[in-house]
Amino acid sequence: MRIIAPTTILHTHRLLPLFFSPLSLQSPGAQKLQFVKILQSRREIGGTSAKRMAWSLEKCDGQSVESATMGAVHPATEDYAHEAIKALRAGQVIAVPTDTLYGFACDACSMEAVHRIYEIKGRKYTSPLAICVGDVHDIQRFAVTDHLPHGLLDSLLPGPVTLVLTRGESSILEKSLNPGLDSIGVRVPDCNFIRAVARGSGSALALTSANLSGQRSSVDVRDFENLWQHCAYIYNDGVLPSGRAGSTVIDLTSVGKYKILRPGSAEEETVAVLQRYDLVEDGNAS
């Protein structure tokens, strides 16, 4: 591995790839992730210090993934979808627009990438991540849907709704994603770019809001500019118009019932659809 001379680093540190050291380094089988610390310049990011680091990544099959400049901003157009898909397949994190907020996304079946999202956000590992898929018919690959009224999913999605469903034994998601939970939040955002990326990835995307944990959500890429350095790419779709409430989160794990877990930006419209399909609110909802 070639280490850049210190005098070069001082002049080019803004162009260097940046990452936190992942927790996956502590687990067996993750020893091929090698991070070379080249700069300890710290700055406060909402109370959290970010260490600037250069990295090289070697896949488990022994083939190297070429490191690239981190934090590049591109328009969220389908012309850039292939670039985003390539980054996801290399185990990287990208920032993407949705129909509600900007989010961090990675391959939901790459535990190293999932760990990076937790570390970028400073998020507790006990807080689950949702997944995003390209189309409504993809949901059945990852969660149980056969107990739902015919047509319900197509009436709710694509849209600003997260549906919490049972994972089931047939789910192709790795068990290590959200361990201890038998349910998973699923999104199909009404956003062409992220849906194209999800389709092209051939997998589900782990998806969470692009911000430090506990801080306000992002409706503009500038809202999380202090975290760009930890993403392979940031895809810009301007200021998102839906406000900072996020998606409406509904638990649909019980037959004939629903629970509102978070009102979000589309509660009224979502409840109207659920009631049209004769679902009733669970009396035990908090």
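The figures that follow rest on heavy atoms only: side chains count, while hydrogens, waters and symmetry mates do not.
Residues His115 and Tyr125 place their aromatic rings such that the two centres sit under 6.0 Å apart.
No donor-acceptor pair under 3.5 Å is formed between the side chain of Ser209 and the backbone N or O of Asn211. With hydrogens and angles ignored, the 3.5 Å screen pairs no side-chain donor or acceptor of Arg199 with any backbone N or O of Val133. Using modelled atom types, no side-chain atom of Ser171 and backbone atom of Gly168 make a donor-acceptor pair closer than 3.5 Å. A side-chain donor-acceptor contact under 3.5 Å links Arg187 to the backbone of Gly159. Ser218 places a side-chain N or O within 3.5 Å of a backbone atom of Ala210 that can act as its donor or acceptor partner.
A salt bridge between Asp107 and Arg89 is absent, with no side-chain N of the basic residue lying under 4.0 Å from a carboxylate O of the acidic one. A salt bridge does not link Arg262 with Asp251: every distance from a Lys NZ or Arg NE/NH1/NH2 to an Asp or Glu carboxylate oxygen is 4.0 Å or more. A salt bridge between Arg244 and Asp223 is present, with a side-chain N of the basic residue lying under 4.0 Å from a carboxylate O of the acidic one.
Side-chain atoms of Trp228 and Met70, non-hydrogen and from C-beta on, never get closer than 4.5 Å to each other. Residues Pro189 and Pro158 have side chains not in contact (no heavy-atom distance under 4.5 Å, counting atoms from C-beta outward). Side-chain contact check for Ile250 versus Val164: every heavy-atom pair is 4.5 Å or farther apart. With a 4.5 Å cut-off on side-chain heavy atoms, Phe224 and Ile234 count as touching. Two residues are said to be in side-chain contact when any heavy atoms from C-beta on lie closer than 4.5 Å; Ile139 and Leu165 meet this criterion. For the pair Gln140/Ser170, no side-chain contact is recorded, criterion being any heavy-atom separation below 4.5 Å from C-beta on.
Annotation: ring-ring contact (aromatic ring centres under 6.0 Å, His included) contacts involving residues 180-220, sequence neighbours excluded, comprise Phe193-Tyr235.
Contact between Pro149 and Tyr277 at its shortest, heavy atoms only, is CB-CD2, 3.8 Å. Heavy atoms only, all atoms of each residue included: Asp190 and Asp99 are closest at N-OD2, 2.9 Å. Taking every heavy atom of both residues into account, Val197 and Leu88 meet most closely at CG1-CD1, 3.4 Å. Of all non-hydrogen atoms in Pro160 and Ala266, the two that sit nearest each other are CG-CB, 3.7 Å. Residue Leu163 comes nearest to Leu252 through the heavy atom pair CD2-CD1, 3.8 Å, listed as atom of the first residue, atom of the second, then distance. Closest approach of Ala87 to Ala232, counting heavy atoms only: CB-CB, 4.2 Å.
Enclosure of atom NE2 in His137 by more than 12 non-hydrogen atoms of other residues, nucleotides or ligands within 6.0 angstrom is indicated.
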Margin query: For Asn178 and Leu129: C-alpha separation, side-chain torsions, deciding distance, then whether side chain to side chain contact (heavy atoms under 4.5 Å, CB included) applies.
Written below: CA-CA 7 Å; Asn178 303 340; Leu129 296 180; 4.2 Å; yes

Exercise for the section: Verify salt bridge (charged side-chain N to carboxylate O under 4.0 Å, His left out) between Arg195 and Asp138, making sure each step is shown before the conclusion. Expected result: CA-CA 11 Å; Arg195 292 182 66 194; Asp138 294 322; over 6 Å; no

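With hydrogens and angles left out, the side-chain atoms of Thr100 and Thr98 include a donor and acceptor closer than 3.5 Å. A side-chain donor-acceptor contact under 3.5 Å links Thr162 and Ser247. In this model, no donor atom of one side chain and acceptor atom of the other lie less than 3.5 Å apart for Asp237 and Tyr102.
Checking Ile184, Leu181, Thr208 one by one against Pro128, the side chain to side chain contact (heavy atoms under 4.5 Å, CB included) holds for a single residue, Leu181.
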